[in-house]
> 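This is the structure I have questions about; it appears just below.
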Amino acid sequence: MKNKIPYGRQEVVQADIDAVTKVLRSDFLTQGDVVPQFEIAISDKCNARYGIAVNSATSALHIACLALGVQKGDEVWTSPNSFVASANCAIYCGANVDFVDIDLETYNISIKKLREKLASAAIIGKLPKVVIPVHFSGQSCDMFEIYQLSKQYGFKILEDASHGIGGSYMGKKIGSCEFSDITVFSFHPVKIITTGEGGMAVTNDENLNHSMRLFRSHGISSSKEEMFSRPNSEIWNYQQICLGFNYRMTDIQAALGLSQLNRIDEIVKTRNALAEKYNDMFSSLNIVTPKIELSCHSSFHLYVIQLCFEKIKATQREIFDRLHKAGIMVNLHYIPIYLQPYYSSLGFNRGYCENAEYYYSRTLSIPIYPGLTQAQQTRVIDEITKAIK
Ligand SMILES: *Cc1c(COP(=O)(O)O)cnc(C)c1O
């Protein structure tokens, strides 16, 4: 049996291990000064004013929704072609989730569909409070257009850039929040850089920053201005002023993230080089390769191939099975969120977003990560060529 090649994998080097070890030998495993260092480093890297480190992107999405005031009865819209967390965060706040179908070239939210859906929602008075565009595979959505629509219809924008750190849009880093209120990153091991589990919200808004920090840590404040009803002369004084959570990142994780961040440009470059090689090798096969808009530089978290079943005899399942048998652990990103049993139970049916379903029935995510060797990539290409014959 040949070695298995996963679709994604972290890259941990000696410098990462040394950085983590240093924290393990220090006084503070959590609530030390490495987390703030990591927050500053990430926000600097993507040109945002504030960074709030948390224990996952899911937590970041949750506190972002809370800070944006999402509550019971509100509408929140996102892409069906995403991980369930992009939608769950709104449900945590008691809101209703709805889905905007995708564009079949970029696999991101379709601006045309968004525009149409907003126009109809305006008529029935069900406009969203927040729209969560997802930068699928590391390519930014058309944020300028979404921003224009947000001004017209009065919604907030929360970018789910779990795939997207290291990418850019119109020459601006993803995370600069030029066209949004908050952007969220994930540091899960399959993502661009990792902290094991971890995430971060970035924003340019001081109030959102403050409010997300409160929600991250139990809703507890120790700032004089916020405390009431007890003498604030007591130096140990702190007060819980709202209902928050323990979503904190540890300094152990932050040390790993900081060390990984040193290599992010190199990592994104390697991912792009791997993508280019795939583009070249697949150009003569019955495969549609990812389309990257001129305004975008993708971090290539995922490399998705679309199989032209009009010309291929095998089914998607057969190709998936053949590749897995050959040790090429391709994956499928994503099952449209609303087809998950939980979302079906909320009333969503098959056919709701036809592009997302069409996409889902024709694509596979194939291995792409910094440690993928040339020999392994050649093996992936050979096996895919064979599997679709
Ligand atoms: C991975 C991912 C998340 C969740 O990230 P965690 O850090 O695992 O919580 C959310 N949204 C998208 C699009 C993701 O890919």
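It should be emphasised that the depicted structure is a prediction, and the values quoted were computed from it without experimental measurement. Quick note: residue numbers are just sequence positions, from 1. Indexing begins at 1, ligand by ligand and atom by atom, following the structure's order.
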> At a 4.0 Å threshold, what atoms of ligand 1 neighbour a non-hydrogen atom of G198?
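So the answer, numbered in order with elements, is 7 (O).
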> Which residue owns the protein heavy atom closest to atom 15 (O) of ligand 1, what's the atom, and how far is it?
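For atom 15 (O) of ligand 1, the nearest protein heavy atom is H163 NE2, 2.7 Å.
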> With sequence neighbours left out, what residues match K173 under side chain to side chain donor-acceptor pair (under 3.5 Å)?
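By the side chain to side chain donor-acceptor pair (under 3.5 Å) rule, K173 matches no residue at all.
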> Following the transitive rule for hydrophobic clusters with a side-chain heavy-atom cut-off under 4.5 Å over Ile, Leu, Val, Met, Phe, Trp and Tyr, establish whether M200 and L66 coincide in one cluster.
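Result: no, two separate clusters.
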> Will you find, in the side chains of T194 and Q10, an N or O donor that is under 3.5 Å from an N or O acceptor?
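Not at all, the side chains of T194 and Q10 share no donor-acceptor pair under 3.5 Å.
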> Output yes when D142 and K112 qualify as a salt bridge under the 4.0 Å nitrogen-oxygen rule, no when they do not.
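No, this pair does not count.
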> Tell me, which protein residue and heavy-atom name are nearest atom 2 (C) of ligand 1, and how many Å apart are they?
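The closest heavy atom on the protein side is K191 NZ, 2.6 Å.
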> Heavy atom under 4.0 Å from ligand 1: found in S86's side chain, backbone, both, or neither?
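The side chain, only.
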> Among all protein non-hydrogen atoms, which one is nearest to atom 13 (C) of ligand 1, and what is the separation to 0.1 Å?
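In this structure, atom 13 (C) of ligand 1 has S82 OG, 3.3 Å as its nearest protein heavy atom.
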> For ligand 1, indicate whether the residue F185 contacts it via side chain, backbone, both or neither (heavy-atom separation under 4.0 Å).
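Under 4.0 Å from ligand 1, F185 contributes no heavy atoms.
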> Enumerate the atoms of ligand 1 whose separation from the nearest heavy atom of V134 is less than 4.0 angstrom.
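The list of qualifying atoms is 13 (C).
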> Using salt bridge (Lys or Arg N to Asp or Glu O under 4.0 Å) as the criterion, list what pairs up with E357, not counting sequence neighbours.
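Once residues adjacent in sequence are excluded, E357 has no partner under the salt bridge (Lys or Arg N to Asp or Glu O under 4.0 Å) criterion.
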> Evaluate F83 for polar contact with ligand 1, using N/O atom pairs at a separation under 3.5 Å.
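Between F83 and ligand 1 (N or O atoms, distance only) the closest approach is not under 3.5 Å.
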> Can you sort out which atoms of ligand 1 are near Y334, meaning under 4.0 Å from one of its heavy atoms?
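Result: 15 (O).
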> Report the C-alpha separation of S162 and D160 in whole Å, then their side-chain angles, then the decisive distance to 0.1 Å, and conclude whether the side-chain hydrogen bond (donor to acceptor under 3.5 Å, both in side chains) test is met.
CA-CA 6 Å; S162 291; D160 184 345; 2.6 Å; yes
> Assess the pair Y107 and Y359: is the distance between their ring centroids shorter than 6.0 Å?
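Here the rings of Y359 and Y107 have centres that are less than 6.0 Å from each other.
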> Any nitrogen or oxygen of S186, main chain or side chain, under 3.5 Å from a nitrogen or oxygen of ligand 1?
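In this structure, S186 places an N or O atom under 3.5 Å from an N or O of ligand 1.
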> Relative to the ring of Y338, is the ring of F348 parallel (under 30°), tilted (30 to 60°) or perpendicular (over 60°)?
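Geometry flag for Y338 against F348: tilted rings.
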> If you take the nearest heavy atom of each of D160, N55, V184, T58, which one is closest to atom 11 (N) of ligand 1?
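Nearest option to atom 11 (N) of ligand 1, by heavy atoms: D160.
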> Considering only protein heavy atoms, which is closest to atom 3 (C) of ligand 1, and at what distance to one decimal place?
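Scanning the protein heavy atoms, the shortest distance from atom 3 (C) of ligand 1 goes to S162 OG, 3.5 Å.
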